[in-house]
Structure formats: C-alpha cells, structure tokens
Amino acid sequence: MSAFSKHPKTDQPNRIPIDIYPTVQSKVETFFGSLFSHMFVPDANKKSFGKIDTGDIDVVIVPHQRESWVDDIRKKVKSSCHYEIVAEVKNGPQFMIVLKGLWNGSQYMIDFILTTEESFEFKKFFHGHGTILPAVLSSFARSLKYKYDSQGLFGRYKDNKGNYHNILLTRDMS
C-alpha cells in the first residue's frame with residue numbers, strides 16, 4: 001500500500017518505468033544533491049528485481065542541516081520553476097513526497113531516508129540490494145535469534161520476563 005493511497009487520485013504518484021528510471025534518478029541526484037553531505041539512490045534493476053516499473057525512488061541521505069532537512073527539501077522545490085510537491089508524508093526518519101515535473105508531467109514518489117554519517121554505508125548496502133536480499137538476510141538472522149533490518153544487525157535477547165531486547169552488534173558490512 002502506498003503512503004499516498006488515502007490522498008486524492010490527483011495527488012497519487014505514478015509508477016516509474018524502469019527504462020526512464022536512470023534519467024529520473026539523475027535529475028533527483030542533481031537537483032537535491034547540494035542539500036546533503038552524503039546521498040545514495042539505489043539502482044532500479046536491483047531495487048525492482050526484473051519488474052517493468054517501480055513505485056518510488058529511495059534516496060538515502062545525510063543532510064548538511066539535520067534540524068531542518070525536511071524544510072530544506074520543501075524550500076528547494078518551492079524555489080524551482082520546474083518542480084512541484086503535490087503531496088507529502090513525514091514518517092519519523094522518512095520524508096515521502098510526490099514530485100511533479102521530473103518526466104513529461106508525471107508525478108513520482110521520492111522517499112528520502114534520513115540516516116547518520118555512521119550508518120550511511122550500512123543503509124546504502126541495505127537499500128541498494130532491493131527487497132529480496134534484505135528479506136532473505138532478515139529471515140536467516142531471525143532463525144538464528146538475531147535481527148537484521150535497515151538499522152543494523154542486532155542480537156535478540158529474552159529476559160526472565162519473556163520480553164525480547166535488541167542489542168546492536170554492528171552496522172559494518174565489511
């Protein structure tokens with residue numbers, strides 16, 4: 001389900017055809033790149049694993065201004081005569097927008113994923129391998145009493161009351 005499914009049809013994003021994804025990706029990187037000290041946009045073929053389109057563009061970011069990164073994105077778009085934010089949803093460390101103007105009047109969803117300098121390489125690895133590899137690794141880790149997600153690899157410990165606690169083991173994928 002899309003983050004924008006409850007928005008009016010006119011505000012919902014179009015799916016992004018894989019054949020134009022590199023062009024749209026390049027425009028996103030060029031337009032928003034100056035706002036971030038680090039930025040990563042995964043390859044569409046790994047992200048979509050053989051599909052003909054994808055629902056969004058993930059953008060893993062470490063902003064220059066952590067306290068104002070969402071407003072900085074809004075201001076950057078507002079100052080442009082080419083792009084328009086049609087809808088937006090803020091969900092913790094994610095800021096999802098439907099941006100109009102990237103390709104032939106279509107509007108596409110961009111999912112900005114906030115991270116820290118320390119977690120950037122791990123987030124690149126996690127988001128850079130689509131949904132299949134993280135799902136397989138997560139399932140394998142769970143079977144061994146570990147937790148693997150976009151935040152890192154955790155040991156799962158059960159206390160004497162039966163409650164589970166996740167202890168960060170690493171974000172280093174080397």
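Each residue takes its place number in the sequence, starting with 1. It should be emphasised that the depicted structure is a prediction, and the values quoted were computed from it without experimental measurement.
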With side chains defined as the heavy atoms from C-beta onward, is the minimum distance between Arg74 and Asp71 less than 4.5 Å?
yes

Heavy-atom distance under 4.5 Å between the side chains of Ile52 and Ile18, does that happen here?
no

Using 0.5 Å steps for rounding, measure from the CD1 atom of Ile113 to the CZ atom of Phe95.
13.5 Å

Heavy-atom check, side chain of Glu67 versus side chain of Gln65, under 4.5 Å
yes

Side-chain heavy-atom pair Val28, Tyr83 within 4.5 angstrom cut-off
no

Phe112 side chain near Val70 side chain, heavy-atom distance below 4.5 Å:
no

Distance (rounded to the nearest 0.5 Å) between Thr54 OG1 and Arg15 CZ:
6.0 Å

Quick one: does any side-chain atom of His64 pair with a main-chain N or O of Phe36 as donor and acceptor, under 3.5 Å?
yes

For atom NE2 of His165, is the number of surrounding heavy atoms from other residues, nucleotides or ligands below 6.0 Å larger than 12?
yes

Which heavy-atom pair separates Pro93 from Lys90 by the least distance, and what is that distance?
N-NZ, 4.2 Å

Return yes if some donor-acceptor pair links the side-chain N/O of Lys27 with the main-chain N/O of Leu102 below 3.5 Å, else return no.
yes

Hey, any chance Tyr164 and Ile167 share a hydrophobic cluster, counting ILVMFWY side chains that come within less than 4.5 Å of each other, even indirectly?
no

To the nearest 0.5 angstrom, please state how far the OG1 atom of Thr115 sits from the CZ atom of Phe120.
8.0 Å

When rounded to the nearest 0.5 angstrom, what distance separates CD in Gln12 from CZ in Phe4?
9.5 Å

Quick one: does Ile20's side chain get under 4.5 Å of Tyr108's, heavy atoms only?
yes

Keeping Ser37 on the side-chain end and Val62 on the backbone end, is there a donor-acceptor pair under 3.5 Å?
yes

When rounded to the nearest 0.5 angstrom, what distance separates CD in Gln25 from CD1 in Ile57?
7.0 Å

Any side-chain heavy atom of Val60 sitting closer than 4.5 Å to one from Asp58?
no

Heavy-atom closest contact (Met39 atom, Gly33 atom, distance):
SD-CA, 3.6 Å

Indicate the atoms forming the closest heavy-atom contact of Tyr21 with Asp43, along with that distance.
CE2-C, 4.5 Å

Whether the side chain of Gln107 engages the backbone of Glu84 through a donor-acceptor N/O pair (distance < 3.5 Å, no angle test) should be reported.
no

Counting only heavy atoms from other residues, nucleotides and ligands, does the tally under 6.0 Å from NZ of Lys145 exceed 12?
no

Of Leu99, Val98, Ile110, the one forming a side-chain contact (heavy atoms from CB on, under 4.5 Å) with Ile85 is Leu99

Interatomic spacing from CG in Leu114 to CH2 in Trp69 - rounded to 0.5 Å:
5.0 Å

How about Leu35 and Lys76: do any of their side-chain heavy atoms sit closer than 4.5 Å?
yes

Heavy-atom neighbours of Tyr146 OH exceed 12 at 6.0 Å
no

Mind listing the closest non-hydrogen atom pair of His7 and Ala87 along with its distance?
CD2-CB, 3.7 Å

